[in-house]
Amino acid sequence: MSLPPQEDMFAPPPPPAGAGLLKNLNPEQYAAVTAPAEPSLILAGAGSGKTRVLTTRIAWLLQTGQATPGAIMAVTFTNKAAKEMLTRLSTMLPVNVRGMWIGTFHGLCNRFLRAHWKLAGLPQGFQILDASDTVSAIKRVIKAMKLDEERFVPKQVGWFIAGAKEDGLRPKDIEQRDEQTRTLVQIYQAYEDQCAREGVVDFAELMLRSYELMRDNLALRQHYQHRFQHLLVDEFQDTNKLQYAWLKMFAPPGAGQGVFAVGDDDQSIYAFRGARVGNMSDFEREFRVKKVVKLEQNYRSFGNILDAANTLISNNSRRLGKNLRTEMGPGEPIRVHEAASDFNDAQWLIEEAQSLHRAGMPRQEIAVLYRSNAQSRVIESALFNAGIPYRVYGGLRFFERAEVKHALAYLRLIENPNDDTSFLRVVNFPTRGIGARTIEQLQDAARSSGRSLWQSVGAVAGKGGANLVGFTQLVDSMRNLTQGLTLREIIEQVVETSGLADFYRTEKEGAERLENLAELVNAAEAFVTQEGFGKDAIALPVDETAPGTIAAGLPLAVAAAAVTPDAETGEIMSPLAAFLTHASLEAGDNQAQAGQDAIQLMTVHSAKGLEFDAVFITGLEEGLFPHENSLSDSDGLEEERRLMYVAITRARQRLYMSFCQTRMLHGQTRYNVKSRFFDELPEAALKWLTPRNQGFGSGFAKEYQEAWSRGSGLKSMVGAGQRAYSNEKAAWVEPPVPASMKKKVDEEHGGLRVGKGVFHTKFGEGVLMTLEGSGPDARAQVNFGRHGVKWLALGVAKLTPID
DNA sequence: CTCGACGTCATTTTT
DNA sequence: TGACGTCGAG
């Protein structure tokens with residue numbers, strides 16, 4: 001390892017290289033950033049400056065001359081994290097980002113396979129199937145094999161295949177114990193053949209194919225192991241078996257020098273999709289990590305919040321051990337609220353959120369977290385009725401939208417007509433008289449000849465055949481028309497020529513879809529102009545030291561076979577192909593109602609990595625959180641607890657936890673018991689907004705516990721719960737209504753009259769039909785005509801009287 | 001091909 | 001409850 005240049009002994013000593021970078025680091029962070037180039041495991045607690053440590057480490061390695069950009073690889077799970085890293089890095093140093101390999105596992109695999117497509121046995125312009133493409137491809141295989149889709153559900157078969165790949169298993173490696181497995185393996189094999197024919201790979205294939213190539217090609221492996229002196233891994237606790245094996249392939253040899261793994265075992269919440277927390281301790285053992293650095297100083301939350309998090313998580317066994325601390329003081333207590341129903345809970349929540357907002361907190365800084373997506377509905381409708389802007393995460397993403405996928409399918413066909421998935425998607429969209437029979441005939445023809453649908457068009461005669469030929473001519477003409485155009489022009493051309501634009505222009509709901517297609521053009525433009533990722537993807541794996549070749553050290557013969565760039569431009573992909581890859585690899589933002597200041601609604605899972613001034617954790621009920629499906633084994637419960645830990649540690653200043661006695665779930669009312677997690681929190685950090693142990697009394701809880709220990713789930717308790725509820729209901733006391741709130745409601749009440757007109761920000765004008773209740777429970781029934789008859793809570797809905 | 005009726009299902013999810 | 005997929009009728 002090279003050392004910083006020697007000081008001139010007569011000159012005043014300059015500050016050591018990299019000193020500026022290290023200025024405001026705490027001792028733990030400092031130790032991590034400046035760790036020697038040997039395997040390091042950094043246990044980074046929530047809010048401990050993990051990203052800062054990672055990026056500063058890279059900057060420090062570069063600035064002290066310990067590494068060149070080309071010797072650094074940094075891996076993340078999400079595009080967002082990768083971008084964040086690049087952005088921060090560029091503020092620290094004027095670095096040549098191009099030479100570094102910073103990206104997601106899949107992004108880097110793509111980069112690697114683009115460079116070595118020939119060795120990997122892939123076509124040069126291979127395209128990537130996203131999750132839904134994969135399912136539909138598998139569906140086609142199952143249909144072609146004439147198997148029962150009831151027994152072989154495409155989605156589940158997809159899990160089987162992805163699971164196998166993530167265990168590093170090809171069809172031949174799978175033990176076929178029973179008939180079912182035997183058939184699954186046959187499907188797997190047929191699916192692989194189909195992918196090979198069509199020149200496409202799925203996400204898991206990106207990983208597995210690169211892993212195998214590294215494993216089987218000594219020269220290549222030596223090249224990369226020599227090149228990457230420093231391998232940095234983010235969110236290490238989320239790696240699966242294959243990803244860990246992949247990392248070991250790239251790790252510099254000699255006990256894995258320079259592998260810098262950052263993770264938090266307490267935030268491992270993805271076991272259900274194959275993540276192995278165990279990789280952390282495996283890494284520690286296999287790489288002989290000398291010293292684990294723990295980042296325990298938290299810069300995000302106040303003391304009560306951290307106390308809650310620490311106390312809760314201490315109930316887990318099998319931890320690497322870590323305790324967060326803060327210098328920010330205890331702050332406010334955690335506010336706990338019990339509601340009679342999910343409806344009431346939502347009303348309370350938005351009233352609370354509104355008062356935070358009135359006190360000056362931006363809505364963006366308020367997050368509502370829940371365990372499962374279904375829980376968002378009540379809250380959404382309450383927010384909607386009250387006219388409060390909100391944003392729900394987790395919806396359809398940009399590149400997953402139907403109209404966008406249609407446009408991409410045409411673009412993919414231009415690149416590769418043998419892409420049957422794309423062919424089927426748009427062969428009759430917009431409709432051009434090609435029916436199911438015709439397509440079936442075509443599929444039969446293709447199957448028997450082992451060719452693609454496109455290649456089999458000629459073989460299908462008859463009335464549908466002519467239309468099919470028309471379709472291929474259309475795609476051919478698009479290919480001709482777009483020759484030599486810029487990416488932007490190509491997409492504009494295709495959207496028009498394909499008939500998509502006209503289709504959506506006539507469609508009554510088409511305006512938004514047209515906007516999205518216009519947005520696709522913008523995205524393409526941004527992709528081409530963007531520094532870093534975009535250009536990298538196009539002018540790929542050309543080594544920074546000698547354009548057109550890859551780095552020295554790789555034997556010539558391998559090099560020649562490995563990288564085959566365009567002789568003139570050095571490009572190995574067309575901008576279009578690169579953009580299509582980008583579209584598969586990055587699904588885009590969940591751009592719901594972006595722009596305005598809105599309350600953030602999301603699952604606890606999607607909140608990981610985020611932070612907010614105020615956080616509401618809702619639905620803290622047994623069976624929901626922890627979820628009933630996770631209770632069968634202790635691993636499941638521990639993961640739920642980690643999930644709760646993640647939820648708690650999202651909050652900076654203010655944290656609310658709420659639960660309700662009854663909840664509408666799957667069209668049935670469920671009667672709930674508060675979450676066991678309340679028993680695992682420090683009493684001193686909590687402040688109950690509602691009287692404790694009201695509502696459901698111990699009677700119900702006991703009955704519930706008994707039912708549970710008999711092995712029957714919560715579902716069987718619905719009847720019993722009902723009885724208990726009606727017994728206990730009389731004991732329920734409404735919490736005292738703050739005078740201020742009462743007054744406000746009364747005032748609003750005052751202006752409204754049954755039978756008179758009212759105005760609502762979302763529904764417009766309506767007629768007030770009924771007024772009932774008082775205080776926070778005051779409700780109004782309003783007929784909004786076109787929008788129907790609605791019940792609105794006066795505590796939240798903005799209703800103004802009109803004459 | 002389009003539309004409506006009916007049946008089924010219901011943690012968590014990135015790439 | 002409600003979203004989604006499949007199937008049959010027009």
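Letters A, B, ... are given to chains in the order of the sequence lines, protein chains preceding strands, and every chain is numbered from 1.
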I need the [atom1]-[atom2] distance between [X] and [N], as an integer number of Å.
X: F503(A); N: dT2(B); atom1: CZ; atom2: C1'; result: 11 Å
X: R670(A); N: dA10(B); atom1: CZ; atom2: P; result: 14 Å
X: R371(A); N: dT11(B); atom1: CZ; atom2: P; result: 9 Å

When you list every nucleotide of DNA chain C with an atom under 4.0 Å from a heavy atom of chain A, which one comes first 5' to 3', and which comes last?
dT1(C) to dT6(C)

Distance under 6.0 Å and angle within 45° of ring axis: [X] vs [Y]:
X: R425(A); Y: F423(A); value: no
X: K248(A); Y: Y244(A); value: yes
X: R273(A); Y: Y270(A); value: yes

Using a 4.0 Å heavy-atom cut-off, does [X] contact any base of the nucleic acid, only the sugar-phosphate backbone, or nothing at all?
X: D202(A); result: nothing
X: Y270(A); result: sugar-phosphate
X: F272(A); result: base
X: K139(A); result: sugar-phosphate

Would you say the ring centroid of F105(A) lies under 6.0 angstrom from that of W246(A)?
yes

salt_bridge(E440(A), R140(A)) N-O dist < 4.0 Å
no

Can you figure out which of [options] approaches the side chain of [X] most closely?
X: S372(A); options: dT13(B), dT14(B), dT11(B); value: dT11(B)
X: T603(A); options: dT15(B), dT2(B), dT12(B); value: dT12(B)
X: S630(A); options: dT13(B), dT15(B), dT11(B); value: dT11(B)
X: E640(A); options: dT15(B), dT11(B), dT13(B); value: dT11(B)
X: H666(A); options: dC1(B), dA10(B), dT15(B); value: dA10(B)

Determine the interatomic distance between C1' on dT14(B) and the same-named atom on dA3(C); round to the nearest Å.
23 Å

Considering only atom C1', compute the distance from dT6(C) to dT11(B) and round it to an integer number of Å.
25 Å

Mind checking whether F160(A) and Y188(A) have parallel, tilted or perpendicular rings, split at 30° and 60°?
perpendicular

Produce the list of close N/O pairs, under 3.5 Å, pairing protein atoms with atoms of nucleotides 4-9 of chain B; give distances to one decimal.
none

